[in-house]
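The structure appears below as structure tokens.
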Amino acid sequence: MRAFGSLDGGGAEPYLSAMAIREILTAPDPRLREKSRPVETVDDGVRALMDDMLETMYKAPGIGLAAIQVGVPLRIVVMDLAGEGEDKKPMFFVNPTVSDQSEESSLYEEGCLSVPEFFEEVERPSRCRVSFLDYHGRPQVLEAEGLLATCIQHEMDHLEGVLFIDRLSRLKRERILKRIKKEQRLAAE
Ligand code: GNR
Ligand code: NI
């Protein structure tokens with residue numbers, strides 16, 4: 001879905017066909033460990049990347065995606081927390097920063113498209129404030145709680161090269177990585 005486009009039907013075609021589902025990197029790909037750098041200008045190139053990220057996330061399916069998960073080390077996150085059957089509610093975060101994290105924390109069972117098929121409880125601050133640029137490059141501030149707070153903090157970790165498994169015990173993390181590597185060996189045969 002394009003968030004903007006030509007109004008005449010014929011003219012919209014090339015735009016739609018230009019959208020791309022990108023490959024999602026999976027652990028232990030070293031690119032997932034890179035620290036992403038800030039976006040300088042929210043221009044059409046950045047918006048095209050965000051559109052691709054959104055499509056890639058919907059197809060997966062997932063509720064969030066950081067640019068580094070498609071191999072682009074820029075501080076960009078897309079999210080959509082709408083449930084199945086609900087109207088889509090795409091959110092775009094460029095150069096997000098998190099502040100005022102609550103003392104109170106919550107446990108949430110997290111998954112990650114870059115750590116497919118594993119779900120584990122992670123403890124994070126229950127609430128936080130997120131400052132970012134939106135799809136149009138305009139500054140925004142959001143008070144987040146619940147799943148939104150969990151998801152944005154999970155995505156902020158990606159921008160620093162951190163995966164949710166890094167927040168588990170070493171035993172759990174290594175067990176998951178071992179299973180993923182085994183899965184990848186089998187898939188390569
Ligand atoms: O699709 C996703 N679900 C999810 C569930 C709980 C906490 C975080 C997430 S994000 C994840 C998609 C993803 O990997 N984003 O980086
Ligand atoms: Ni993730």
Side-chain angles (χ1 to χ4, degrees), residues 1 20-39 46 49-98 101-102 104-128 130 132 135 142-169 172-173 175-177 179-181 183-184:
M1 179 192 53
I21 303 291
R22 304 202 185 196
E23 189 190 339
I24 298 178
L25 306 180
T26 53
D29 193 307
R31 288 171 287 179
L32 290 168
R33 296 317 193 168
E34 278 180 47
K35 186 174 152 87
S36 295
R37 59 175 192 276
V39 169
V46 167
L49 170 61
M50 292 197 283
D51 291 342
D52 283 359
M53 287 171 61
L54 196 70
E55 290 305 312
T56 302
M57 181 193 82
Y58 284 143
K59 174 145 186 283
I63 58 172
L65 193 73
I68 193 60
Q69 293 179 276
V70 294
V72 180
L74 288 174
R75 302 184 81 82
I76 301 175
V77 167
V78 299
M79 282 171 44
D80 191 332
L81 305 183
E84 254 183 281
E86 283 182 72
D87 287 343
K88 289 186 163 67
K89 278 197 206 102
M91 305 174 83
F92 303 92
F93 302 86
V94 176
N95 300 343
T97 59
V98 161
Q101 287 167 304
S102 59
E104 189 196 331
S105 63
S106 305
L107 272 180
Y108 203 92
E109 185 155 286
E110 297 193 16
C112 181
L113 295 172
S114 297
V115 187
E117 288 165 46
F118 292 90
F119 299 87
E120 295 284 347
E121 283 196 327
V122 178
E123 188 175 3
R124 299 185 189 272
S126 308
R127 294 176 302 282
C128 62
V130 195
F132 59 100
Y135 193 83
L142 205 66
E143 304 293 332
E145 59 176 15
L147 181 57
L148 179 60
T150 294
C151 194
I152 192 67
Q153 291 176 91
H154 171 116
E155 304 307 340
M156 293 298 302
D157 272 355
H158 278 299
L159 304 187
E160 299 302 315
V162 173
L163 300 173
F164 84 94
I165 52 173
D166 301 335
R167 299 191 177 278
L168 307 177
S169 69
K172 276 189 181 172
R173 175 170 57 256
R175 197 161 53 202
I176 289 173
L177 283 170
R179 288 184 185 162
I180 290 179
K181 286 180 199 165
E183 213 38 61
Q184 290 171 349

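Counting starts at 1 for both ligands and their atoms, in listed order.
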Under 3.5 Å donor-acceptor, Ser102 side chain and Ser126 backbone: yes

Sub-2.8 Å protein N, O or S atoms surrounding the Ni ion (ligand 2): Cys112 SG, His154 NE2, His158 NE2

Crowding at CD, Glu86 (>12 non-hydrogen neighbours, <6.0 Å): yes

Greater than 12 external heavy atoms within 6.0 Å of Gln184's CD: yes

Close approach, Met57 and ligand 1, non-hydrogen under 4.0 angstrom: no

Identified side chain to side chain donor-acceptor pair (under 3.5 Å) counterpart of Arg124 within the set Glu110, Gln101, Gln153: Glu110

4.5 Å side-chain heavy-atom contact, Arg167 and Asp157: yes

Polar contact flag for Ser114 and ligand 1 (N/O pairs, less than 3.5 Å): no

Pick from Glu110, Glu109, Glu155: the one approaching atom 15 (N) of ligand 1 most closely through a non-hydrogen atom: Glu155

Sub-4.0 Å atoms of ligand 1 with respect to non-hydrogen atoms of Gly62: 1 (O)

For ligand 1, the portion of His154 having any non-hydrogen atom under 4.0 Å away: side chain

Atom 14 (O) of ligand 1 - nearest protein heavy atom and its distance: Leu113 N, 2.8 Å

Side-chain touch Thr26/Pro116, heavy atoms, less than 4.5 angstrom: yes

Heavy-atom closest contact (Val94 atom, Met50 atom, distance): CG2-SD, 3.8 Å

Among Ala66, Gly111, Ala60, Gly64, closest by any non-hydrogen atom to atom 5 (C) of ligand 1: Gly111

Per-atom contacts, ligand 1 versus Cys112 - under 4.0 Å to a heavy atom: 14 (O)

Tabulate below the donor-acceptor pairs under 3.5 Å that side-chain atoms of residues 65-82 make, not counting sequence neighbours, or state none.
unit_1	atom_1	unit_2	atom_2	d
Gln69	OE1	Ala66	N	2.9
Gln69	NE2	Ser114	OG	3.0
Arg75	NH1	Ser36	O	2.9
Arg75	NH1	Leu159	O	3.4
Arg75	NH1	Glu160	OE2	3.1
Arg75	NH2	Glu160	OE2	2.6
Asp80	OD1	Ala82	N	2.9
Asp80	OD1	Lys89	N	3.2
Asp80	OD2	Tyr58	OH	2.4
Asp80	OD2	Lys89	N	2.7

His154 and Phe164 aromatic ring geometry - parallel, tilted or perpendicular at 30°/60° bounds: parallel

Tyr108 atom OH, over 12 foreign heavy atoms within 6.0 Å: no

Contact atoms of ligand 1, heavy-atom distance to His158 under 4.0 Å: 16 (O)

Any Val130 side-chain heavy atom under 4.5 Å of Met156 side chain: no

Test of proximity, Ile63 against ligand 1: N or O pairs below 3.5 Å: yes

